[in-house]
Amino acid sequence: MRVGLTFDVEHPDRPTHTGLTEKLLDQLGELDVRSTMFVQGRWAQAYPKVARRIAPEGHLVGNHSHFHARMPMLTGRGLRSDVQSAEAAIKQFCGTDPRPWFRCPFGAGGESPELLADLDRLGYREVGWSVDGHDWAHRSGPPVIQRAVRGVLAHGDGAVVLFHGWPRSTPAALPEVVRQLRAAGAEFVRLDELDALPKQHGAAPTEATTTE
């Protein structure tokens, strides 16, 4: 059973501790897990030393926009500018081209044919998720996040899990999530190793479907 752990690496939407993305990278290395990280351009500019770690440590890098705005709010010109600004920052600070991988902030616009066509012209395909780890939720803790395991098991092969780089609860939960899934026979892969990718945005069982 192949599982794609994905992390939206972005500026947090509320106050949190520093160093959490670095801790996640440390953990993923210790756990021998390769993931996919959708990087916000402005975050890469702000944390270049951390950004430079991602690709060399074996993780796939995708584009998560520059300003983390809801993409449907942008004009066509604004969308192109935002995506290309993020691409330039990611190339500079992550040292790799994020194309063709893109994830819309909040999942907003990911089902719009017009927006998807705009992304396609820029060389991108939008990638959703099949299981929401809910680490972004206020007061979410490791027991809540670990419910993502149930979502993966319910989905089966090819599950794509959404986590984030900034919540305190994510590194607290990750080792147990990995342990439980490996015990169930999971193999952790990058998105470029999966045959099919979710185009819509799913949620873990028993949790709300709101994204962020």
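The distance from atom CZ of Phe67 to atom CG of Leu74, rounded to the nearest 0.5 Å, is 10.0 Å. A distance of 13.0 Å separates CG of Leu79 from CE of Met73, quoted to the nearest 0.5 Å. Of the inter-residue distances, the one linking Trp166 atom CH2 with Thr18 atom OG1 reads 14.5 Å to the nearest 0.5 angstrom. Atom CZ of Phe106 sits about 10.0 Å away from atom CG of Asp8, to the nearest 0.5 Å. We find the CZ-CD1 distance between Phe38 and Ile90 to be 10.0 Å, quoted to the nearest 0.5 Å. With rounding to the nearest 0.5 Å, the separation of CZ in Arg2 from CG in Leu194 is 5.5 Å.
Contact detail for Gly128 and Arg103: the closest heavy-atom pair is O-NH2, 2.8 Å. Taking all atoms of both residues into account, the shortest heavy-atom contact from Leu162 to Asp135 is O-OD1, 4.4 Å. For the residue pair Phe7 and Leu28, the shortest heavy atom distance occurs at CE1-CD1, 4.0 Å. Of all heavy-atom pairs spanning Phe93 and Pro48, the tightest one is CD2-CB, 3.6 Å. Taking each heavy atom of Pro171 and Pro167 in turn, the nearest pair found is CD-O, 3.3 Å. Nearest heavy-atom pair across Leu115 and Pro72 is CD1-N, 4.0 Å.
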Using the side chain to side chain contact (heavy atoms under 4.5 Å, CB included) rule, take Val152 and Gln180 through it: C-alpha gap first, then chi angles, then the decisive distance, then the call.
-> CA-CA 11 Å; Val152 172; Gln180 290 186 31; over 6 Å; no
side-chain hydrogen bond (donor to acceptor under 3.5 Å, both in side chains) between His68 and Gln40, intermediate numbers included = CA-CA 7 Å; His68 205 260; Gln40 180 191 3; 5.8 Å; no
Take Thr21 and Trp43 through the side chain to side chain contact (heavy atoms under 4.5 Å, CB included) test and state the conclusion after the steps.
-> CA-CA 11 Å; Thr21 304; Trp43 178 90; 3.9 Å; yes
Does the side chain to side chain contact (heavy atoms under 4.5 Å, CB included) test come out yes or no for Arg121 and Arg80, once each step is laid out?
-> CA-CA 9 Å; Arg121 283 189 285 270; Arg80 289 191 296 274; over 6 Å; no
Kindly determine whether Met37 and Leu25 satisfy side chain to side chain contact (heavy atoms under 4.5 Å, CB included), including the steps that lead there.
-> CA-CA 10 Å; Met37 297 196 170; Leu25 286 167; 3.6 Å; yes
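Under the 4.5 Å side-chain criterion, counting only non-hydrogen atoms from C-beta, Met71 is in contact with Pro105. Side chains of Lys91 and Arg99 form a contact here, defined as non-hydrogen atoms less than 4.5 Å apart. Using a 4.5 Å heavy-atom threshold, the side chains of Trp101 and Leu197 count as touching. When side chains are defined from C-beta on, Val149 does not count as touching Glu176, because their heavy atoms never get closer than 4.5 Å. Between Phe188 and Arg34, the closest side-chain pair of non-hydrogen atoms is not below 4.5 Å.
Taking the six-membered ring where tryptophan is involved, the planes of His11 and Tyr47 are tilted, since the angle between them lies from 30° to 60°. Below 30°, between 30° and 60°, or above 60°: for Trp136 and His134 the angle between ring planes is between 30° and 60°, a tilted geometry.
Between the Ser85 side chain and the Ser81 main chain, a donor and an acceptor come within less than 3.5 Å of each other. With hydrogens and angles disregarded, a donor-acceptor distance shorter than 3.5 Å links the side chain of His59 to the backbone of Ser35. Side-chain N or O atoms of Thr96 include none that pairs as donor or acceptor with a backbone N or O of Ala55 at under 3.5 Å. Under a 3.5 Å cut-off, the side chain of Ser130 and the backbone N or O of Val160 do form a donor-acceptor pair. For Glu126 (side chain) and Cys104 (main-chain N/O), a donor-acceptor pair under 3.5 Å exists by modelled atom type.
In the hydrophobic clustering of ILVMFWY residues, with side-chain heavy atoms under 4.5 Å counting as a link, Leu174 and Leu153 come out together. Cluster annotation: Leu122 is not connected to Val127 through the hydrophobic network of ILVMFWY side chains, with a link wherever side-chain heavy atoms come within less than 4.5 Å. Hydrophobic clustering keeps Val9 apart from Tyr124 (ILVMFWY residues linked when any side-chain heavy atoms are closer than 4.5 Å, directly or through intermediates). Cluster annotation: Val61 and Leu119 are assigned to distinct hydrophobic clusters (Ile/Leu/Val/Met/Phe/Trp/Tyr, side-chain heavy-atom contacts under 4.5 Å, transitive).
No more than 12 heavy atoms of other residues, nucleotides or ligands shown are found within 6.0 angstrom of CZ on Arg168.
Taking 4.0 Å as the cut-off between side-chain N and carboxylate O, Asp26 and Arg53 count as a salt-bridged pair.
Tested against Pro98 for a side chain to side chain contact (heavy atoms under 4.5 Å, CB included), the candidates Asn63, Val83, Leu60 yield a single pass: Asn63.
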